[in-house]
Enquirer: 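This is the structure I have questions about; it appears just below.
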Protein chains: 2
Amino acid sequence: MEKIQPRSLYLEVADRIRDLIERGTLLPGEKIAEKQLCESFGVSRTPLREALKVLTSEGLVENLPNRGSRVVRLTRTGVQNTYDVMGALEGLSGELACPNITDAELARVRKLHQRMLEFYRRKEIKPYFEVNQQIHEAILAASHNDVLIEMYNNLSQRVKRVRYSVEMGEDNWAQAVSDHEAMLEALEARDGPRLGAILRQHLRHKLEVAEVSGIIDA
Amino acid sequence: MEKIQPRSLYLEVADRIRDLIERGTLLPGEKIAEKQLCESFGVSRTPLREALKVLTSEGLVENLPNRGSRVVRLTRTGVQNTYDVMGALEGLSGELACPNITDAELARVRKLHQRMLEFYRRKEIKPYFEVNQQIHEAILAASHNDVLIEMYNNLSQRVKRVRYSVEMGEDNWAQAVSDHEAMLEALEARDGPRLGAILRQHLRHKLEVAEVSGIIDA
DNA sequence: CTTGAGTATTATGAATTCAAAATGCATTCA
DNA sequence: TGAATGCATTTTGAATTCATAATACTCAAG
């Protein structure tokens, strides 16, 4: 039996706009023409404007009174700040995951980890990133804390554009893999504080990589 | 010369509704009658509905498709989860405040701390809570991390209703004051990790107090 | 009585309309 | 030439209208 899921139109529209921002179709700082988007989505302005308000409170869009909406421009310090918070949240996810993770979830993380190592050996960076992402999501989910998951996803969404353009050097890559080895160890040992510390450190590395690649700001 | 500040109507309405929720005029689980609120605010449904969407994405209100909006009902685990995340964020605020706090900001924290001690000695709980709150806000602000401040305030808003009804026993109170002494010491010593740890612990105490008072859930 | 079908009423979702503000453009004057 | 003023156009903000789904109510049947 299929479960029916009635979704509001404005949520659908919000998803679509999020996609456009993430994909770079809508660029940072670009003003959002309501009429145009309405036509391309085939909806009226009402649900579109509601969606824009949601995105505004999510921090993806800014709303200048009487002069419309723009995609928020990422600043260096803004991204830095976001990563700092994400680090704290990811640390917490590790701490909570250790006591709360189920056997099935742990098995899944192990499996993902092995798959990631395989991609690392083959130097297939694209699938490596995908699996890497899945591992972090799996740990986050294993925290079993809805609020944490919601907050993290929100921040993650904001900086997705940046991470997309990150280039990873061989040494950074090796460091990241090493971090992951330590993570799995701590998780197996159910050592929450240690896993938390590793995850915080791990994200710090990611940020350094992003900063080195210098794609932040216009 | 006075600076004019053009604010959107929907933001004004959102503020008003937040107030109603915080004050308990709108109760958890209560369905929000759009028409009625429109009349009492003197606005049309459009800005009101926009405001409701913002509050929904803030986690204060939930939106059931085709059957309107309700004030979210706080569950025990929901509050627990929120406090866990707030703890991580408050810990981060401490870590960041130590390197980033200005002399003026530090002086202000000292002053607030002294005032708080005075209220503790006089057992004036209401003003004690107010100053206490101000100290935490001052440290948060001293992190100089906008994203952190935004996230923390969001979560804080969600559980404000709970904290309002917390009763504090003498022993809990003494413990809280002791925590604050340690906080100020760590801050003066610019010991970020230590201040972070104290703040995390401090919030954990708060939650225990809230749980003991048993006002969560219906 | 209780249950359930069918209708009336109300509330919500979305499009449309109206008003006001901002933008762009042309003209004028220094 | 260039800045400023006034007008036309466009765009945004908010109210209104329309359509549809949910709720309340009535009344009949078991």
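Below, chain A is the first sequence line, B the second, and so on; all start at residue 1.
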Enquirer: Out of A:L52, A:L20, A:V43, which one pairs with A:L37 under the side chain to side chain contact (heavy atoms under 4.5 Å, CB included) rule?
Expert: A:L20
Enquirer: If you check the A:L9 side chain, which of C:dA21, D:dA15, C:dA14 turns out closest?
Expert: C:dA14
Enquirer: Between atom NZ in B:K31 and atom C1' in C:dT10, what is the gap in whole Å?
Expert: 11 Å
Enquirer: Between B:E130 (side chain) and B:P127 (backbone), is there a donor-acceptor pair under 3.5 Å?
Expert: no
Enquirer: Could you state the atom-to-atom distance from CZ of B:R70 to P of C:dA11 in whole Å?
Expert: 14 Å
Enquirer: As a test of reading the structure: which of D:dT11, C:dA15, C:dA11 is closest to the side chain of A:S44, going by heavy atoms?
Expert: C:dA15
Enquirer: Students often get this wrong, so: under 4.0 angstrom with heavy atoms, is A:I32 touching a base, only sugar-phosphate, or nothing?
Expert: sugar-phosphate
Enquirer: Would you mind reading off the distance between B:Q36 atom CD and C:dA11 atom P, rounded to a whole angstrom?
Expert: 10 Å
Enquirer: Please state how far atom NZ in A:K53 lies from atom C1' in D:dA14, giving the value in whole angstrom units.
Expert: 10 Å
Enquirer: Remember a base hit wins even if backbone is also touched, and classify B:L52 as base, sugar-phosphate or nothing at under 4.0 Å, heavy atoms.
Expert: nothing
Enquirer: To the nearest angstrom, how far is B:N63 atom CG from C:dA11 atom P?
Expert: 17 Å
Enquirer: Pick the nucleotide of DNA chain D nearest each of B:Y10 and B:R67; which residue has the one closer to the 5' end?
Expert: B:Y10
Enquirer: Would you mind reading off the distance between B:E39 atom CD and D:dT16 atom P, rounded to a whole angstrom?
Expert: 12 Å
Enquirer: I want to verify a distance call: between C:dT12, D:dA14, D:dT23, whose nearest atom is closest to the B:E34 side chain?
Expert: C:dT12
Enquirer: Could you tell me whether the side chains of A:Q133 and A:E137 share a donor-acceptor contact shorter than 3.5 Å?
Expert: yes
Enquirer: State whether the side chain of B:E90 and the backbone N or O of B:G87 hold a donor-acceptor pair below 3.5 Å, judged by distance alone.
Expert: no
Enquirer: Using a 3.5 Å distance criterion without hydrogens, assess whether the side chain of A:R158 forms a donor-acceptor pair with backbone atoms of A:E58.
Expert: yes
Enquirer: Figure out the CZ/C1' separation between A:R45 and D:dT12, and round it to whole Å.
Expert: 6 Å
Enquirer: Specify the separation, in whole Å, of atom CG of B:N66 and atom C1' of D:dA19.
Expert: 12 Å
